[in-house]
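Excluded from the calculations below are hydrogen atoms, water molecules and symmetry mates; all remaining heavy atoms, backbone and side chain alike, are included. Here is how names work: the chains are called A, B, and so on, in the same order as the sequence lines, proteins then strands, and each is numbered from 1.
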There are 2 protein chains.
Amino acid sequence: MLRRVELRHLQVFVAVARAGTVTGAANVLELAPASVSEQVRRLENGLGVTLFDRTPRGMRLTAPGKALLERAQGLLDHADEVRRAVTGRRRRVTVGALEMLAATRLPGVVRRLAERRPDLDVDVRTLNRGQLLAAVADGGVDAALLLDAGMRIGTLGFRPPDGLDFLDVGEVALRLVAAPGGDARTLLVSPPECSIRMAVERMFAADVPRRELTSISTAREWVRQGLGRSLLPDFAVDADLDSGALVTVAPAPEECRAAQGAGGGKSLDASEGTGRSPALALRMVWTRGREAALRDVLYAMSD
Amino acid sequence: MLRRVELRHLQVFVAVARAGTVTGAANVLELAPASVSEQVRRLENGLGVTLFDRTPRGMRLTAPGKALLERAQGLLDHADEVRRAVTGRRRRVTVGALEMLAATRLPGVVRRLAERRPDLDVDVRTLNRGQLLAAVADGGVDAALLLDAGMRIGTLGFRPPDGLDFLDVGEVALRLVAAPGGDARTLLVSPPECSIRMAVERMFAADVPRRELTSISTAREWVRQGLGRSLLPDFAVDADLDSGALVTVAPAPEECRAAQGAGGGKSLDASEGTGRSPALALRMVWTRGREAALRDVLYAMSD
DNA sequence: AGGGGGCGTTCGGGACAACCGTATGCTGAG
DNA sequence: CTCAGCATACGGTTGTCCCGAACGCCCCCT
């Protein structure tokens with residue numbers, strides 16, 4: 001019987017808990033499923049606790065398993081910090097953000113981190129909403145900045161992977177804009193995975209015609225050139241509104257989606273279905289239990 | 001080449017750093033010296049850093065080794081805390097103290113800890129000064145309460161083991177007392193390892209006759225019965241002084257030890273050699289780097 | 001000067017853990 | 001009822017952990 005919990009076991013455990021299946025964790029760890037299964041069994045054996053309920057669909061955390069997951073993250077981070085302190089190697093963090101947020105908010109974040117933590121290398125990845133949540137959950141990025149709504153993460157769309165925590169650090173108003181004298185009917189939208197596209201789907205009825213573009217910045221450019229109207233975040237269009245290059249327009253009441261039935265999720269916000277521009281939360285997301293190791297990064301992102 | 005630092009390696013490393021020799025660590029860990037040596041080599045290999053200078057007298061920490069030692073303690077404590085949180089096992093700490101301090105101060109410490117941390121089992125060990133310092137250094141006790149003097153640990157006697165930290169939480173005045181009408185010449189002293197005996201040796205010239213007893217409480221009892229005079233801590237005799245069962249006496253000037261030469265250690269305090277009763281620091285000692293895990297215990301001890 | 005004791009390390013070997021590939025039993029979907 | 005996807009049991013290989021014994025080093029004591 002195993003006496004000591006080893007970091008290697010915790011690493012495997014975390015991978016299984018995040019992936020939800022032994023097979024998935026084995027892929028991430030580049031191991032055979034049999035090896036992963038054995039490690040988990042040894043860890044449970046050593047602790048004298050059952051960490052997972054085995055189902056034919058995967059591994060579901062038990063209560064002690066959840067307790068371990070929240071702490072294992074921090075312990076592995078702590079071990080990493082110790083190793084860095086001894087070897088003198090630099091620390092490397094990866095932050096992810098939506099395309100527009102990466103362009104507008106991340107430069108400031110990186111600059112603040114460079115001032116406060118010169119011994120820190122920051123990598124940036126720009127992904128869409130679903131990719132960001134998945135990347136935070138599986139460790140591909142350490143923290144992410146995205147747009148969401150409501151009191152719990154993932155209200156906007158995509159069921160949230162478990163074990164994530166978040167903090168809202170600002171609010172982004174969405175404005176329906178068009179070029180003065182341009183086409184004010186065609187609705188220019190970004191791909192379905194995009195946060196703002198999700199807001200569009202919640203705001204407009206399904207029968208309003210849409211033209212799908214590859215990104216928000218593309219949509220903004222098309223709107224500038226008078227090719228349609230689009231729902232865009234305030235920070236992306238306020239300059240154009242001030243200069244008069246763009247103007248806000250109102251949707252026709254019949255275009256707006258009816259308030260959804262009682263059975264579904266909670267309302268996006270009070271303006272849902274009324275046609276008024278909704279506001280989204282600027283939301284910082286990270287893996288629960290890693291606050292200690294990410295403290296400086298999270299502070300820099302929330303400034 | 002080892003990729004990952006494992007907790008087992010750190011445990012062995014800490015034992016070697018504390019013992020100062022591979023052989024000593026092997027005894028503590030109940031391993032063969034060869035195994036310990038191999039573990040250390042693997043750890044150094046995995047980190048890519050030399051942790052010890054090998055000498056024919058033992059193992060001396062290098063700079064990275066010292067950096068690791070201070071952090072390894074905390075990491076192992078963290079791992080213990082995680083294991084306890086998952087298994088639900090109770091936490092157990094051992095505190096040590098000098099005999100008189102265990103009698104007078106520890107009951108309050110234990111009571112405060114029982115209130116604030118009901119999930120904590122406290123063991124108490126009463127040891128003399130040298131044993132306490134050694135026990136803190138090798139992990140036999142988690143924290144200790146003793147008497148000392150000066151700005152650094154061990155000024156009173158015994159070379160301090162490395163890697164200890166301390167905080168003075170009070171002051172203890174030593175009073176030379178006797179029973180009214182009793183023998184006021186015979187100097188009743190405790191064994192040489194005792195903190196107060198060390199103070200006696202610093203205060204009185206070597207040719208003043210001493211009678212050695214087994215403990216401070218024994219000495220107090222003998223003084224009460226008029227069998228001599230003794231240098232005792234205030235908290236042990238103040239009640240008897242108030243009741244008149246004991247009185248303070250002054251040593252004759254010729255009994256006092258001359259101020260020591262310039263080559264030696266620092267002064268005990270300003271009163272050294274003057275015959276005035278010196279004051280000792282009530283000192284809390286623990287292993288550096290374990291503050292996080294011992295925080296509640298240290299707070300309770302310093303109240 | 002010479003040997004003894006204490007030190008860390010090396011060496012060969014045994015037990016066990018961490019991997020692998022494969023095979024098996026399970027359950028829900030089609 | 002088959003099939004896909006899942007976790008796991010089974011043999012086998014590699015590497016880690018541990019041992020006892022032998023070695024080389026240095027200091028100290030005679």
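Between the side chain of B/R91 and the main chain of B/D119, no donor-acceptor pair closer than 3.5 Å is present.
Summarising the geometry, the separation between CG on A/N27 and P on D/dG5 is reported as 13 Å, rounded to the nearest angstrom. Atom CZ of A/R60 and atom C1' of D/dG5 are 18 Å apart (whole Å). Between the C1' atom of C/dA18 and the CG atom of A/L29 lies a distance of 13 Å, rounded to the nearest Å. A straight line from CG of B/D53 to P of C/dT9 spans 11 Å, rounded to a whole angstrom. One can place CG of A/L31 at 14 Å from P of D/dA7, the figure rounded to the nearest angstrom. Atom CZ in A/R54 sits roughly 9 Å away from atom C1' in D/dT8 (whole-Å rounding). Atom pair B/E30:CD and D/dC18:C1' shows a separation of 14 Å (rounding to whole Å applied). Between the CD atom of A/Q11 and the P atom of C/dA17 there is a distance of 20 Å, given to the nearest Å.
Under the 4.5 Å side-chain criterion, counting only non-hydrogen atoms from C-beta, A/L132 is not in contact with A/L145.
Salt bridge absent: A/E81 and B/R71 never bring a charged side-chain N and a carboxylate O closer than 4.0 Å. Using a 4.0 Å cut-off between charged side-chain N and carboxylate O, A/E6 and A/R42 make no salt bridge. A salt bridge links A/D53 with A/R60: the closest approach of a Lys/Arg side-chain nitrogen to an acidic carboxylate oxygen falls below 4.0 angstrom. Salt bridge present: B/E44 and B/R54 bring a charged side-chain N and a carboxylate O closer than 4.0 Å. Salt bridge annotation for A/D165-A/R290: absent, with no cationic side-chain nitrogen under 4.0 angstrom from a carboxylate oxygen.
For C/dA18, the OP1/OP2 oxygens have a side-chain nitrogen or oxygen of A/H9 closer than 4.0 Å. Side-chain N/O atoms of B/T23 include one lying less than 4.0 angstrom from OP1 or OP2 on C/dG8. In this model, the phosphate group of D/dC17 is approached by a side-chain N or O of B/R42 to a distance below 4.0 Å at OP1 or OP2.
Residues from residues 33-41 of chain A lying near DNA chain C, meaning a heavy-atom separation below 4.0 Å, are A/A34, A/S35, A/E38, A/Q39 in numerical order.
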Within the sub-3.5 Å range, which N or O atoms of nucleotides 26-30 of chain C have a protein N or O partner, and how far apart are they?
residue	atom	partner	partner atom	Å
C/dG28	O3'	A/R57	NH1	3.3

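Residues B/Q11 and B/R8 have side chains that bring a donor and an acceptor to within less than 3.5 angstrom of each other.
The B/R8 side chain lies nearest to D/dC18 when the options are D/dT8, D/dC18, C/dG8.
Taking the salt bridge (Lys or Arg N to Asp or Glu O under 4.0 Å) definition, one finds that B/R288 meets it with B/E70, sequence neighbours left out.
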